Structure formats: C-alpha cells, structure tokens
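In what follows, a structure is listed as structure tokens, so that the remarks can point back to it.
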Amino acid sequence: MSPSTFTKDWKSTRALARDTDRTEYVSILAEHEGEEFEIAKWSRFSPKHDGHKVELYLPVTTTRFGESLGYMLDHTVKTGIGKIVTFRDAPRYVLDPGRQWRSYQAAIFGVTRTQYREAIRCSRVVQRLLDKEGTALRKEILSATSRVEAFEEAMSDMQIDYAAQEQEVRHLRLEVARIGAE
C-alpha cells in the first residue's frame, strides 16, 4: 500500500485493518529514487502480538487519528514512534514504524543509514535524555553512597557499643568471681 492510499480515506484505511487477520499487517511502502522502503505497518490490534506496545506507543483516539491520517503517518515515519489507535480507551489499531523507516529517511537526506543514526544520537533531544538519565544515575549513586556511609557509621557505633558491652561483661564476671570467692 502506498502512503497516499493509506492517507486518502479513513473509512477504507480502517476497513483494510479490520479485514486482515490479527496476526497480519499491511505494509506501507514509499519509493525514493527507484528504491522501495517499508516505512510503516498498519494492523488491527492484537493483545497477544501488540500488548507490549500499549506502554511504548502513543495512544491516539480514532477520531483524532482519522482526522489527520497524513500527519500521523508522517510523524511515525520521521520519528519511529508508533501509534495505538483507541476507541473508548480500548486499543483497536496499530501503526508501527516500518523496518526501513531510518533507511528511507537517510535516503531522503542523501546520507548513509549510519550517518543518519549518528545524527539522531547527537541530536539535542537525545543528548538531553542521556543527560537526564545520567543525572538520575548520579543522584542514585550519591544516594546509595550516603546510605553506605550511614550504615558504616552505624556499624562503627555498634562496634564501640559491642566493645563497651564486652568490657561490662568482663567487669561483671570479675565481680561475680570476687563475690563468690568471699
């Protein structure tokens, strides 16, 4: 299926997913300079096959999705972020990024897939996410370090208390021995 066929009419796009088996998907193929790329996949939602995607993909109502088919497809193709199309908060359809969405984007820009991937890695969004994760990790490490220090101090205090208790026991034994000897 071509992107223009997918975005032309919501009723036929919906019917296409309804008519396919829950284990099948419809490939959306785009062509660039004579080469065809699978840029997205369209299917009916299957709890068995797509259940894990509910937490990973963006939920979009059927109304909103149907009103902007072109935008939804374009967003998935450019970002690789899938969509779960819902009806009354229940998943109905899935728009997955295709196997070749990055290759297609790289071809559009006239760069290799590796160059495109590196550009994504070095983007401000990805850098901010990595910085945020790094900050969270550093906070977690600092928190763990401070807990270790607190427990080490508590152990040190316990060792002092243990030594004091041993000394008290020795003193009491000496007292018992002295009293017993009298």
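Predicted model only: the values in this text are computed from it and were never measured. Position 1 is the first residue of the sequence, and the numbers go up from there. Heavy-atom basis, side chains included; hydrogens, waters and symmetry copies ignored.
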### Message
Which label fits Tyr104 and His32: parallel for a plane angle under 30°, tilted from 30 to 60°, or perpendicular past 60°?
### Response
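Perpendicular, since the angle between the ring planes exceeds 60°.
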
### Task
Using the six-membered ring wherever Trp is involved, compare the ring planes of Trp42 and Phe65 and label them parallel, tilted or perpendicular (cut-offs 30° and 60°).
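Ring orientation, 0 to 90° scale: parallel.
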
### Task
Answer yes or no: is there a donor N or O on one side and an acceptor on the other, between the side chain of Thr76 and the main chain of Met72, under 3.5 Å?
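Yes.
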
### Message
I'd like to know if the side chain of Thr13 and the backbone of Phe6 have a donor-acceptor N/O pair within less than 3.5 Å.
### Response
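Judged by distance alone, yes, a pair lies under 3.5 Å.
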
Measuring from atom [atom1] of [X] to atom [atom2] of [Y], what distance do you get when rounded to the nearest 0.5 angstrom?
{"X": "Glu24", "Y": "Arg44", "atom1": "CD", "atom2": "CZ", "result": "9.5 Å"}
{"X": "Glu67", "Y": "Thr62", "atom1": "CD", "atom2": "OG1", "result": "9.5 Å"}
{"X": "Thr7", "Y": "Tyr71", "atom1": "OG1", "atom2": "OH", "result": "15.0 Å"}
{"X": "Arg64", "Y": "Lys83", "atom1": "CZ", "atom2": "NZ", "result": "12.5 Å"}
{"X": "Gln100", "Y": "Arg113", "atom1": "CD", "atom2": "CZ", "result": "8.5 Å"}
{"X": "Gln165", "Y": "Glu168", "atom1": "CD", "atom2": "CD", "result": "7.0 Å"}

### Query
Would Arg18 and Tyr93 satisfy side-chain contact (heavy atoms from CB on, under 4.5 Å), going step by step from the backbone distance to the final call?
CA-CA 9 Å; Arg18 252 191 255 135; Tyr93 308 104; 3.3 Å; yes

### Task
Applying side-chain contact (heavy atoms from CB on, under 4.5 Å), run through Ser68 and Val60 and close with a yes or a no.
CA-CA 11 Å; Ser68 54; Val60 182; over 6 Å; no

Closest approach of [X] to [Y] (non-hydrogen atoms, all atoms of both residues):
{"X": "Trp101", "Y": "Gly98", "value": "CD1-O, 3.1 Å"}
{"X": "Tyr57", "Y": "Asp96", "value": "OH-OD1, 2.6 Å"}
{"X": "Glu38", "Y": "Ser27", "value": "OE2-OG, 2.6 Å"}
{"X": "Ile84", "Y": "Pro91", "value": "CG2-CB, 3.7 Å"}
{"X": "Pro97", "Y": "Gly80", "value": "CG-O, 3.3 Å"}
{"X": "Ala107", "Y": "Phe37", "value": "CB-CZ, 3.8 Å"}

### Query
Are Glu175 and Arg178 close enough for a salt bridge, meaning some N to O gap below 4.0 Å?
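The answer is yes: the pair qualifies as a salt bridge.
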
### Query
Same hydrophobic cluster for Val54 and Leu56, using side-chain heavy-atom links shorter than 4.5 Å among ILVMFWY?
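Yes.
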
### Message
Are Leu95 and Leu29 connected into the same hydrophobic cluster when the rule is that any two of I, L, V, M, F, W, Y join if their side-chain heavy atoms are below 4.5 Å apart?
### Response
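In one cluster with Leu29: Leu95, no.
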
### Message
Determine whether His75 and Leu58 satisfy the following criterion, side-chain contact (heavy atoms from CB on, under 4.5 Å), listing intermediate values before the conclusion.
### Response
CA-CA 11 Å; His75 183 265; Leu58 295 178; 4.1 Å; yes

### Task
Evaluate the criterion side-chain contact (heavy atoms from CB on, under 4.5 Å) for residue pair Thr20 and Tyr25; output intermediate values, then yes/no.
CA-CA 7 Å; Thr20 60; Tyr25 62 87; over 6 Å; no

#### Entry: Atom CG of Asp19 with >12 non-hydrogen neighbours under 6.0 angstrom
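Yes, enclosed.
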
### Task
Evaluate whether atom CD of Gln167 has more than 12 neighbouring non-hydrogen atoms of other residues, nucleotides or ligands under 6.0 angstrom away.
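Count not over threshold, so no.
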
### Query
Step by step, would you call Thr114 with Thr112 a side-chain hydrogen bond (donor to acceptor under 3.5 Å, both in side chains)?
CA-CA 5 Å; Thr114 304; Thr112 66; 4.6 Å; no

### Query
Less than 4.5 Å apart, any side-chain heavy atom of Pro3 and any of Ile39?
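Result yes, sub-4.5 Å side-chain heavy-atom pair found.
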
